[in-house]
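The structure appears right after this line, and notes come after that.
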Amino acid sequence: MRLLPAYLWPRFLKRRLPTSLWGRSLLIIVLPVLVMQVAVTWIFFDAHWQTVTARLSEGLAGDIAWAVESYEDDPSPQGLQRLADRAERSMSLSIALQEDRVLPTEQRRGPIGVVDRVLDHALQSRLDRPYWFDTTRYPAYVDIQVQEPQGVLRIIAPRERAVATQAHIFVLWLTIATVLLMGVAILFIRNQVRAIERLADAAESFGRGETVPRFKPHGAREVRAAATARHERLVE
């Protein structure tokens with residue numbers, strides 16, 4: 001698709017923009033609000049949510065690396081039991097050994113992939129053994145598996161330990177507040193535009209020599225002044 005020359009863009013945009021007063025007033029209100037909404041959401045996710053998620057994933061990866069090293073120091077059933085009890089009590093990690101198993105070959109990734117990339121980077125920097133993880137099977141947990149000579153060491157961690165799970169609440173409240181405030185602004189601007197539209201209709205009727213007996217000035221002070229002047233001119 002060929003782009004238009006630079007000198008044609010103003011004419012192109014002018015033809016696509018609303019021509020009515022109501023349409024242009026609505027555009028003046030809605031466009032800045034939408035731009036602000038997108039900018040705030042983008043900045044939040046890029047500068048805050050991803051940073052917090054990365055810190056959480058790094059902390060979880062460090063705990064998993066500690067658990068793997070502790071198990072390798074004492075791979076006996078008694079040592080595994082002590083490790084599992086300590087990890088459950090101190091770090092909310094559920095650890096179990098699946099003997100004579102290998103890591104799954106299926107890759108399970110979320111639709112967006114941000115969480116998977118962050119967690120993968122954190123685990124890769126902390127573990128020196130093959131691993132596999134799944135962030136989609138359990139809504140409240142993350143399934144992480146590490147290959148060991150005896151089998152697969154499976155670690156189930158709470159999802160909030162790897163992801164900032166409250167980010168959607170911020171976006172939801174921001175959206176609700178934006179819709180409510182924009183709705184109130186649209187109601188106010190609609191009343192002002194309606195007064196101007198009625199004045200324009202009355203002026204058009206006056207230009208055709210028609211009378212508008214029930215015309216009543218209303219709206220902003222400037223609009224009422226113009227309407228009053230028009231009414232006095234009509235009476236004369």
Side-chain angles (χ1 to χ4, degrees), residues 1 3-4 6-56 110-115 118 135-136 139-140 159-160 162-208 210-235:
M1 180 178 179
L3 296 178
L4 293 176
Y7 67 91
L8 290 180
W9 275 106
R11 186 184 304 175
F12 175 80
L13 294 177
K14 186 176 181 179
R15 292 179 178 177
R16 297 303 186 276
L17 292 177
T19 57
S20 65
L21 179 61
W22 166 242
R24 293 188 176 185
S25 301
L26 191 63
L27 184 64
I28 292 173
I29 295 176
V30 173
L31 187 60
V33 172
L34 290 181
V35 171
M36 182 190 67
Q37 173 90 355
V38 172
V40 170
T41 304
W42 178 268
I43 292 173
F44 171 79
F45 274 99
D46 187 59
H48 177 72
W49 184 78
Q50 291 194 37
T51 301
V52 174
T53 299
R55 297 293 182 267
L56 291 174
I112 301 179
V114 176
V115 176
V118 172
T135 60
T136 62
R159 191 176 184 85
E160 59 265 17
V163 184
T165 57
Q166 302 300 319
H168 64 283
I169 297 180
F170 170 82
V171 178
L172 177 62
W173 279 108
L174 181 63
T175 303
I176 292 176
T178 302
V179 171
L180 290 177
L181 295 176
M182 191 163 57
V184 173
I186 289 175
L187 289 178
F188 277 102
I189 197 65
R190 180 55 182 165
N191 292 332
Q192 301 303 318
V193 171
R194 186 175 299 164
I196 299 176
E197 290 175 345
R198 290 180 178 178
L199 177 59
D201 293 339
E204 184 179 357
S205 300
F206 172 70
R208 294 196 300 264
E210 302 175 359
T211 60
V212 186
R214 295 185 179 181
F215 177 77
K216 181 180 179 181
H218 70 286
R221 182 178 59 188
E222 292 80 359
V223 178
R224 291 199 305 269
T228 301
R230 189 215 65 85
H231 183 69
E232 293 175 354
R233 178 72 178 275
L234 182 60
V235 172

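- Atoms CG and CE, on Leu187 and Met182 in that order, are 11.5 Å from each other to the nearest 0.5 Å.
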Please report the C-alpha distance between Arg159 and Thr135 in whole Å, then the side-chain angles of each, then the deciding distance to 0.1 Å, and finally whether the side chain to side chain contact (heavy atoms under 4.5 Å, CB included) criterion is met. CA-CA 8 Å; Arg159 191 176 184 85; Thr135 60; 4.0 Å; yes
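- When each of Val179, Leu172, Thr178 is tested with Ile176 by the rule side chain to side chain contact (heavy atoms under 4.5 Å, CB included), just one qualifies, namely Leu172.
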CA sep, side-chain torsions, deciding dist, call: Ile189, Ile29, side chain to side chain contact (heavy atoms under 4.5 Å, CB included): CA-CA 9 Å; Ile189 197 65; Ile29 295 176; 3.4 Å; yes
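- Note: Leu56 CG to Glu160 CD = 9.5 Å, rounded to the nearest 0.5 Å.
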